[in-house]
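Every heavy atom of this structure was used, including side-chain atoms; hydrogens, water molecules and symmetry mates were not. Ligands are counted one by one from 1 in listed order, and the atoms in each one are counted from 1 as well. Everything numeric here is computed off the predicted structure, so don't read it as measured data.
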Amino acid sequence: MRDYYSIKMRATLEGKHVSGVERIVTKEKIPEVVSQLPLRPNQFDFMNIKIEKLNQINFIEKSLNVKTIKVESVEMANNVALEILQTVGIHRELAEIYIKMLHTGAATDKGNMRGAMIVSLKGERLEKDKDRGVRTVNVDFENREEVTKLLKEKGYTERTVDALALSTKNLYYPDILAEYCISDQPDYTTGYVATKTTYYRILNLKDYGNPKGGRIYFVKEDTDIDRLYQYLETKAFLIKTLGDLE
Ligand code: COA
Ligand code: AMP
């Protein structure tokens, strides 16, 4: 078995998180990746690059399939998102409450959370810290260049590569039923909903100019929260190939 290293970059500007990226690579690729990461954020006044050898690596054969949904309005886009969530057993009224929270600032000070919200089918919020939430880390595509090329050919962006990797790890966990995501960047209005099979990239999922965003992981009622955190924060995965693209 080859040795793999996780390289994590995070950057802030005036104390605010502006960029975060992760790669999992073999040792000889570290210098190349490290030299690329400072180019990611447009602006920053602090950057942290962390390199860790992974004790164990797991493989996921295929990412989620990817579909794009184009609708005209934010209302229609969220309606589609809610319909998708309903197909996997998430009550519409319940999902609406938490989705609205993301759009208006889900942290206790009405800012953005630093990670994802976890919501059970009963409607309980299960994060240990409601401002921090939980962050999914330790995941990448085994052949990132190839996957990026294929996605870009179909009009997707690097952002989709990162979000698809993260979401594929999330949905690989049996207790996570679905994910909803909107970016916290005011000019990026495309979001997604993911289910066990498919990553639905949805245009116009939030209002242009809104600086609020976040993620919701919808989980089964009896989810063991410590095990879920352990999976999301510590288990390392490489995804071998891309699912179907549409
Ligand atoms: N958002 C906001 N703040 C973040 C953050 C994020 N994504 N990631 C880290 N921070 C800040 C927090 O203040 C955090 O403190 P906390 O644990 O009390 O919240 C602090 O940085 C240290 O966090 P840590 O977990 O030690 O960071 P790290 O050096 O291990 O890096 C990242 C983690 C940045 C790689 C990871 O969070 C990330 O963003 N991964 C990429 C996600 C991605 O691909 N998203 C899809 C793009 S569409
Ligand atoms: P981004 O996809 O980077 O625009 O992030 C959108 C929102 O998702 C952020 O505001 C956070 O609330 C949340 N988030 C960011 N990184 C992670 C992560 N690694 N895992 C889970 N949630 C995250």
| task | For the pair Lys100 and Glu96, evaluate salt bridge (charged side-chain N to carboxylate O under 4.0 Å, His left out) and give the outcome as yes or no after the intermediate values. | result | CA-CA 6 Å; Lys100 195 168 173 201; Glu96 257 172 339; over 6 Å; no
| Distance-only, no hydrogens or angles: does the Lys206 side chain make a donor-acceptor pair with backbone N or O of Asn210 under 3.5 Å? | yes
| message | I want to know if ligand 2 touches Val137 in the polar sense, i.e. an N/O pair below 3.5 angstrom. | response | no
| task | For Ile182, counting its heavy atoms only, list the atoms of ligand 2 lying under 4.0 Å from any of them. | result | 6 (C)
| task | Please report which non-hydrogen protein atom sits nearest to atom 7 (C) of ligand 2, along with the residue it belongs to and the distance in Å to one decimal place. | result | Gly214 CA, 3.5 Å
| query | When you look for heavy atoms under 4.0 Å from ligand 2, do you find them on the side chain of Tyr192, its backbone, both, or neither? | reply | neither
| query | Looking only at N/O atoms, are Thr136 and ligand 2 under 3.5 Å apart anywhere? | reply | yes
| message | If we count only N and O atoms by modelled type, under 3.5 Å, do the side chains of Tyr217 and Asn170 hold a donor and an acceptor together? | response | yes
| Can you list the atoms of ligand 1 that are under 4.0 Å from a heavy atom of Arg159? | 48 (S)
| Passing candidate, side-chain contact (heavy atoms from CB on, under 4.5 Å) with Leu64, options Leu171, Thr197, Leu242, Thr195 | Leu171
| Is there any N or O on Ser183 that sits under 3.5 Å from an N or O of ligand 2? | yes
| said: Under 3.5 Å between any N/O of Thr136 and any N/O of ligand 1: does that happen in this structure? | reply: no
| Heavy-atom count around Glu72 CD within 6.0 Å, excluding the residue itself: above 12? | no
| task | Start with the C-alpha gap between Arg144 and Glu158, add the side-chain angles, then the distance that decides, and say whether salt bridge (charged side-chain N to carboxylate O under 4.0 Å, His left out) holds. | result | CA-CA 10 Å; Arg144 173 170 276 266; Glu158 186 104 19; 3.7 Å; yes
| query | Within less than 4.0 angstrom of ligand 2, does Gly115 place any heavy atom? | reply | yes
| query | Any sub-3.5 Å donor-acceptor pair from Asn204's side-chain atoms to Ala77's backbone N or O? | reply | no
| query | Hey, are Arg215 and Asp184 close enough for a salt bridge, meaning a charged N less than 4.0 Å from a carboxylate O? | reply | no
| How far is atom 10 (O) of ligand 2 from its nearest protein heavy atom, and which residue and atom is that? | Asp184 OD2, 2.6 Å
| remark: The protein heavy atom nearest to atom 46 (C) of ligand 1 is Arg215 NH2, 3.6 Å
| If you count the atoms of ligand 2 from 1 in the order shown, which ones are under 4.0 Å from a heavy atom of Leu166? | 18 (C), 19 (N)
| task | Could you check atom 32 (C) of ligand 1 against the protein and tell me its nearest heavy-atom contact, residue, atom and distance included? | result | Met9 O, 4.5 Å
| request: Please say whether Arg114 places an N or O atom under 3.5 Å from an N or O atom belonging to ligand 1. | output: yes
| field | Shortest heavy-atom approach to atom 35 (C) of ligand 1 - which of Val137, Val21, Leu164 | value | Val21
| Which heavy atom of the protein is the closest neighbour of atom 41 (C) of ligand 1, given with residue, atom name and distance? | Gly20 O, 3.7 Å
| said: Do the side chains of Arg114 and Asp131 get close enough for a salt bridge, i.e. N-O under 4.0 angstrom? | reply: no
| said: Among Arg132, Lys128, Lys8, which residue satisfies the salt bridge (charged side-chain N to carboxylate O under 4.0 Å, His left out) criterion with Glu233? | reply: Arg132
| message | Please list the nearest protein heavy atom to atom 21 (C) of ligand 2 with its residue and the distance rounded to 0.1 Å. | response | Tyr217 OH, 3.1 Å
| field | ligand 2-proximal atoms of Leu232, by part, heavy-atom distance under 4.0 Å | value | neither
| task | Provide, to 0.1 Å, the distance between atom 33 (C) of ligand 1 and the closest protein heavy atom, together with that atom's residue and name. | result | Lys8 CD, 4.1 Å
| request: Measure Leu166 to ligand 1 on non-hydrogen atoms and call it side chain, backbone, both or neither using the 4.0 Å cut-off. | output: side chain
| request: Classify the contact between His17 and ligand 1 as side chain, backbone, both or neither, using a heavy-atom distance cut-off of under 4.0 Å. | output: side chain
| remark: Any heavy atom of Val134 under 4.0 Å from ligand 2? The part involved is backbone
| field | atom 27 (O) of ligand 1: nearest protein contact (heavy atom, Å) | value | Arg10 NE, 3.3 Å
| query | Would you say ligand 2 has an N or O under 3.5 Å from any N or O of Asn112? | reply | no
| message | Tell me if a side-chain donor or acceptor on Lys169 pairs with a main-chain N or O of Lys235 at a distance below 3.5 Å. | response | yes
| field | Nitrogen or oxygen of Lys50 less than 3.5 angstrom from that of ligand 1 | value | yes
| query | So, Ser73 versus Glu75: side-chain donor-acceptor pair below 3.5 Å or not? | reply | no
| If you round to the nearest 0.5 Å, how far is CD of Glu28 from CZ of Arg2? | 6.0 Å
| Between Lys212 (side chain) and Lys110 (backbone), is there a donor-acceptor pair under 3.5 Å? | yes
| query | Got an N/O contact under 3.5 Å between Met113 and ligand 2? | reply | yes
| task | Starting from atom 14 (C) of ligand 1, find the nearest protein heavy-atom neighbour and note its residue, name and distance. | result | Arg135 NH2, 3.4 Å
| field | Distance, nearest 0.5 Å, that separates CD of Glu142 from OH of Tyr4 | value | 5.0 Å
| Side chains of Ser167 and Tyr192 in contact at under 4.5 Å (non-hydrogen atoms) | yes
| Sub-4.0 Å atoms of ligand 1 with respect to non-hydrogen atoms of Arg132 | 16 (P), 17 (O), 18 (O), 19 (O)
| When rounded to the nearest 0.5 angstrom, what distance separates CG in Asp140 from CD1 in Ile239? | 7.5 Å
| How far is atom 47 (C) of ligand 1 from its nearest protein heavy atom, and which residue and atom is that? | Asp162 CB, 4.0 Å
| Side chain, backbone, both or neither: Glu52 near ligand 1, heavy atoms under 4.0 Å | neither
| request: Tell me whether the centres of the aromatic rings in Phe59 and Phe237 are closer together than 6.0 Å. | output: no
| Shortest protein contact, atom 15 (C) of ligand 2 (heavy atom only) | Arg215 NH1, 3.7 Å
